[in-house]
Amino acid sequence: MRDPLSALTETFTSFLFGKVETTRLPVRTSTGQAQAVYLPTAAPGLGDSGVIIGREVYSGKGYIYDPFQLYGQQLPAPHWLVLGESGNGKSALEKTYVLRQLRFRDRQVVVLDAQGEDGVGEWNLIAQQLGITPIRLDPTAALDMGIRLNPLDPSITTTGQLALLRTIIEVAMGHGLDERSGFALKVAHAYVNGTITNRQPVLTDIVEQLRHPEPESAEAMNVALDDVRAWGLDVALVLDRLVDGDLRGMFDGPTTVGIDLDAPLIVFDLSHIDRNSIAMPILMAIVGVWLEHTWIRPDRKKRIFLVEEAWHIINSPFVAQLFQRLLKFGRRLGLSFVAVVHHLSDVVDGAAAKEAAAILKMASTRTIYAQKADEARATGRVLGLPRWAVEIIPTLSPGIAVWDVNGNVQVVKHLITEMERPLVFTDRAMTESSAPDLSDDALRAAELEAEERAATFMEQHLSDLDDSSESTVA
């Protein structure tokens with residue numbers, strides 16, 4: 001029974017101010033009807049100009065991303081970091097992104113392909129489809145007139161050549177050059193460039209000059225000739241590895257004629273190089289400087305430099321410094337650097353933590369595929385991701401990733417067209433029989449079977465890919 005005083009107070013209040021509560025009958029409805037009353041909201045996208053990636057998971061809207069279109073408005077830098085465990089879609093994203101970018105006339109892409117598949121790099125199929133021959137750096141093939149890149153190529157400036165030689169030596173030695181070794185290298189390089197005019201100077205010339213320096217080199221610094229020879233001995237031993245060691249053949253001769261730096265796609269196939277050896281960062285250094293001085297030009301083209309297994313370069317302080325300089329070309333000459341890494345801990349806990357932090361800071365776009373919970377938390381702390389994004393990363397299905405574009409964080413499902421699927425599928429070895437028939441017909445049949453299995457797999461994980469979205473992506 002209600003308190004009489006409360007009832008009197010309620011009556012008086014209703015008389016003065018009107019009925020303060022409304023009794024409403026319950027309404028039964030369906031979710032289809034209720035959604036018209038409670039309209040869904042979603043974060044704004046990145047605009048409608050550029051390359052379509054897929055679909056934003058929560059809103060269903062198309063997700064379009066292009067660093068060249070967003071630069072200066074929503075992006076302070078055009079560089080991009082891609083993270084995630086193997087098998088979650090990083091490779092498929094990279095390949096479809098490049099294929100879609102190449103539909104624009106003013107785009108050009110260089111890929112450092114460190115992943116091997118079927119005896120060739122995993123970008124080989126795409127290169128073939130575009131009529132392009134990959135630049136395959138292979139010590140064995142190089143001895144038989146394979147591809148060579150000359151660190152002393154005349155197309156590289158004299159300053160660039162010396163910087164490249166120093167970087168190669170520092171990477172191999174694991175520490176910086178002291179003043180005396182640096183002087184010996186500088187003198188040898190100047191003498192070789194000044195005296196050899198009838199051909200391209202090569203590394204053998206530098207090694208020979210370090211072993212047998214000219215008297216003028218000692219007189220210039222008022223030191224004994226034997227001292228100059230001693231200063232350059234360690235440098236000569238390191239460079240000798242490129243001339244007569246496990247990397248011989250690739251860098252100890254004139255640059256191979258016919259490398260087309262104007263092709264829309266340039267693929268450096270590094271799949272025959274041991275990814276865990278010192279050879280990989282040395283290769284990265286040589287290719288990086290060679291591209292800096294021969295490929296990046298002020299011709300208003302938009303260039304994309306994609307590096308697979310990028311922790312190999314970020315883990316070396318000297319190579320990381322070289323790539324930091326290369327990244328700075330992004331603003332002046334239209335270069336977008338794309339680094340693909342499995343685990344952020346590979347770089348932030350490595351020998352080049354300071355350089356890695358600087359490179360990560362330059363990447364205004366970060367795409368994170370599924371990771372284990374502890375790795376996701378570490379990634380979130382380093383990249384400053386919101387808590388909801390960190391919590392969802394371990395639950396992501398293949399093909400779905402968290403995208404952070406300068407603070408605009410969304411969950412995106414990457415969509416692959418029927419035309420792209422055979423080109424981006426990269427795990428055929430896991431689906432082929434354990435004892436395959438090696439005849440040409442049987443190999444082709446196995447490839448077709450693997451492609452069909454890949455299509456079935458992708459359809460299961462991309463069940464909402466309808467005809468209209470496929471035609472839009474294409």
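Note that these values count all heavy atoms, side chains included, but never hydrogens, waters or copies made by symmetry.
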Side-chain donor/acceptor of [X] to backbone N/O of [Y], under 3.5 Å:
X	Y	value
Gln108	Ala263	yes
Asp269	Pro134	no
Ser336	Pro78	yes
Asn150	Val202	no

Which atom pair, heavy atoms only, marks the closest approach of [X] to [Y]?
X	Y	answer
Gln200	Thr255	OE1-N, 3.4 Å
Val341	His343	CG1-O, 3.1 Å
Leu344	Glu375	N-OE2, 3.3 Å
Ser86	His342	OG-CE1, 2.8 Å
Val235	Ser181	CG2-CB, 3.9 Å
Ala370	Asn88	CB-OD1, 3.5 Å

Verdict with reasoning, Thr365 to Val338, per side-chain contact (heavy atoms from CB on, under 4.5 Å): CA-CA 9 Å; Thr365 301; Val338 184; over 6 Å; no
Is it true that, when you exclude [X] itself, more than 12 heavy atoms of the residues, nucleotides or ligands shown sit nearer than 6.0 Å to its [atom1]?
X	atom1	value
Arg199	CZ	yes
Lys301	NZ	yes
Gln129	CD	no

Do the non-hydrogen side-chain atoms of [X] and [Y] ever get within less than 4.5 Å of each other?
X	Y	value
Leu70	Asn406	no
Ile168	Phe251	no
Asp205	Gln209	no
Ile126	Ile132	no
His189	Leu152	yes
Gln161	Asn193	yes
Phe68	Arg107	yes
Leu415	Tyr63	no

The side-chain contact (heavy atoms from CB on, under 4.5 Å) partners of Asp404 (sequence neighbours excluded) come to Arg366, Leu385, Val409
Quick one: [atom1] on [X] to [atom2] on [Y], what's the gap to the nearest 0.5 Å?
X	Y	atom1	atom2	answer
Leu93	His414	CG	NE2	5.0 Å
Asp252	Arg148	CG	CZ	5.5 Å
Leu265	Leu130	CG	CG	6.0 Å
Leu291	Ile156	CG	CD1	9.5 Å
Ile393	Ile368	CD1	CD1	5.0 Å
Arg303	Asp106	CZ	CG	10.5 Å

Please test Trp295 against Val287 for side-chain contact (heavy atoms from CB on, under 4.5 Å), starting from the C-alpha separation and ending with a verdict. CA-CA 11 Å; Trp295 178 58; Val287 171; over 6 Å; no
| query | Are Gln371 and Leu83 close enough, and set up right, to give a side-chain contact (heavy atoms from CB on, under 4.5 Å), and what steps lead you there? | reply | CA-CA 9 Å; Gln371 296 179 327; Leu83 291 166; 4.0 Å; yes
In short, salt bridge (charged side-chain N to carboxylate O under 4.0 Å, His left out) pairs touching residues 161-171 with sequence neighbours left out are Arg166-Glu170
Derivation and outcome, salt bridge (charged side-chain N to carboxylate O under 4.0 Å, His left out), residues Lys302 and Asp66
CA-CA 11 Å; Lys302 305 296 188 295; Asp66 191 301; over 6 Å; no
Residue set satisfying ring pair (Phe, Tyr, Trp, His ring centres under 6.0 Å) with Tyr97, at least two apart, ordered chain then number -> Trp80
Quiz prompt | Donor-acceptor pair between Thr96 and Glu420 side chains, under 3.5 angstrom | solution = no
Given Leu396 and Tyr369, is the side-chain contact (heavy atoms from CB on, under 4.5 Å) satisfied, shown in steps? CA-CA 7 Å; Leu396 296 174; Tyr369 282 89; 5.7 Å; no
